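Residue numbering restarts at 1 for every chain, and letters A, B, ... go by the order of the sequence lines. Quick caveat: nothing in here was measured; it's all calculated off a predicted structure. As a basis for the values below, the full set of heavy atoms in this structure was taken, side chains included, without hydrogen atoms, waters or symmetry mates.
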Amino acid sequence: MTYNIDAIRADFPILSREVNGKPLVYLDNGASAQKPKVVIDAITQAYSHEYANVHRGLHYLSNLATDKYEAVRGKVAQFLGVPDENEIVFTSGTTEAFNLVSYGWGAHNLKAGDEIILSVMEHHANIVPWHFLRERLGVKLVWVDCDTNGDLDPQAVIDAMTPRTRMIAITHLSNVLGTVVDVKSICEAARARGIVTCVDGSQAAVHMPVNVADLGCDFYAITGHKLYGPSGSGAIYMKRARMDEMQPFMGGGDMIRDVHRDTITWNDPPMKFEAGTPGIVQQIGLGVALDYMMGVGMEAIAAHETSLRDYARTRLDGLNWLNVQGKSATKAAIFSFTLEGAAHAHDISTVLDKKGVAVRAGHHCAQPLMDHMGVPATCRASFAMYNTTDEVDALVDALELCHDLFA
Amino acid sequence: MATEAFEELAETFEFLDDWEDRYRHVIDMGKAFPPLDDAVKVPATKVDGCASQVWILPRIEGQGPEAQFDFEGESDAMIVRGLIAVLHALYAGLSVKDVGAVDAPAELARLGLNDHLSAQRSNGLRAMVERIRKTAQEAATV
């Protein structure tokens with residue numbers, strides 16, 4: 001079956017708009033993806049006809065909203081290849097997910113001198129919650145660098161494991177370099193040593209099929225807004241054995257069974273880790289987004305983006321004044337770059353914006369990686385399922401104007 | 001209320017009808033604007049609220065409301081450096097009292113650069129204008 005890019009683009013209303021008088025070329029998908037009409041319609045439908053609080057009422061609408069909301073757990077499980085949907089905990093996104101692991105698992109299972117291994121490519125969301133444990137418990141953070149191509153040798157991570165290593169917090173796909181990490185090999189070695197693995201799937205789940213059971217990790221977090229779903233939606237897979245070792249992170253409604261003056265008892269997982277009224281409609285929208293992606297097919301999306309990557313790589317390599325960071329052969333279609341000479345990443349993004357091309361400029365919430373690469377900021381063009389080779393050409397044309405303006 | 005330098009600039013911009021030429025001119029102004037000595041790039045001169053790094057070093061001659069306002073400045077982004085040069089044309093040579101009377105959004109609109117003041121707040125033009133106005137106001141009330 002051919003990949004019907006025109007039909008897919010037609011599913012995303014925003015892609016037909018103009019920006020600064022030019023057709024929008026949206027290449028900031030790494031930051032957040034646009035939404036297909038089915039997701040937008042599902043949000044309208046939920047609020048128009050099917051909305052009430054979940055898990056609480058016994059009335060018609062509450063039951064309906066609860067059914068719709070809880071059905072998403074199964075969709076996430078299916079999407080991630082998780083056999084038991086009760087190992088899926090809803091979150092507002094990856095940031096909440098890792099804070100949940102840090103407070104819920106780390107704070108109760110780690111002590112001073114224990115080590116957490118991180119790759120230098122981690123997003124701040126998969127760094128800062130571990131810094132909390134360093135500051136509060138005296139846990140040691142051990143960093144593993146990527147090579148000059150941006151590849152991360154799994155053996156380097158394995159070599160960093162010591163008898164004090166308790167956890168590995170690692171990205172499946174770098175949001176800056178596009179590097180795909182061999183998480184499976186790392187998890188296998190970690191499991192053999194009794195080390196817990198916490199994987200950031202924020203980017204990977206968008207661009208390639210993910211099977212958590214095959215990866216063999218303990219935690220795997222995804223965020224809805226990058227998966228063509230609503231902002232404020234997300235989920236984390238947590239292995240049952242880890243859940244059993246965890247304390248609740250946030251307290252409030254939904255996560256309790258009984259509350260008395262002197263005692264409380266928790267609800268069973270996953271509810272134990274879901275305090276308060278959740279993002280009901282956001283999660284319903286996420287379910288629709290995952291259905292949309294699975295309908296197109298993750299293999300098909302990955303193949304389309306691989307061809308985009310190859311085309312973009314060839315075109316960008318032809319610009320001898322452009323420095324692309326991240327040369328991994330198997331990388332995703334994410335390109336960070338700087339311009340030779342004095343132009344700042346913000347200069348470039350400003351001019352690209354004038355041409356209708358949306359990219360991200362800055363440190364991409366990955367300052368340790370920027371330090372490692374020795375650049376204060378880069379521009380990043382990150383592609384998605386709806387981008388085209390014509391848009392690669394539009395990017396290159398706009399970059400040529402930058403080169404002309406700032407040379 | 002605009003300075004002679006700014007009136008000249010506005011005249012030049014009248015002949016630049018598309019954004020590309022205006023940006024080219026702003027960038028050229030940035031290239032021609034003298035850089036700051038590294039020694040004065042300190043927290044006190046750094047302007048927060050800019051996506052790129054910006055420093056503004058006020059130079060005020062005289063005392064009271066009639067003191068003459070001038071400044072040096074630099075950014076690591078070239079467009080922003082150009083915008084600093086534009087602000088220099090707008091403010092340098094005014095009395096500190098008159099700095100506060102300049103309607104910066106209206107003046108920059110004459111150059112077609114006013115969108116920097118609203119939508120693209122992150123490039124820091126607004127923060128720079130606020131820093132300049134605040135510095136001048138403090139000098140005027142000493």
Taking atom [atom1] of [X] and atom [atom2] of [Y], what is their separation to the nearest 0.5 Å?
| X | Y | atom1 | atom2 | answer |
| --- | --- | --- | --- | --- |
| B:Met78 | A:Thr350 | CE | OG1 | 12.5 Å |
| A:Leu405 | B:Glu20 | CG | CD | 6.0 Å |
| B:Ile79 | A:His344 | CD1 | NE2 | 11.0 Å |

[atom1] ([X]) with more than 12 external heavy atoms under 6.0 Å:
| X | atom1 | result |
| --- | --- | --- |
| A:Glu18 | CD | yes |
| A:Glu400 | CD | yes |
| B:Lys31 | NZ | yes |

Problem - Any A:Asp404 side-chain heavy atom under 4.5 Å of B:Arg24 side chain - result: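 The answer is yes; the side chains approach within 4.5 Å.
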Exercise for the section: Locate the shortest heavy-atom distance separating A:Lys22 from B:Trp19; write the atom from each residue and the value. Expected result: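 Closest approach of A:Lys22 to B:Trp19, heavy atoms only: NZ-NE1, 4.3 Å.
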Exercise for the section: Identify which part of A:Leu401 has an atom lying under 4.5 Å from any heavy atom of chain B, answering side chain, backbone, both or neither. Expected result: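 When you check distances to chain B, only side chain atoms of A:Leu401 fall under 4.5 Å.
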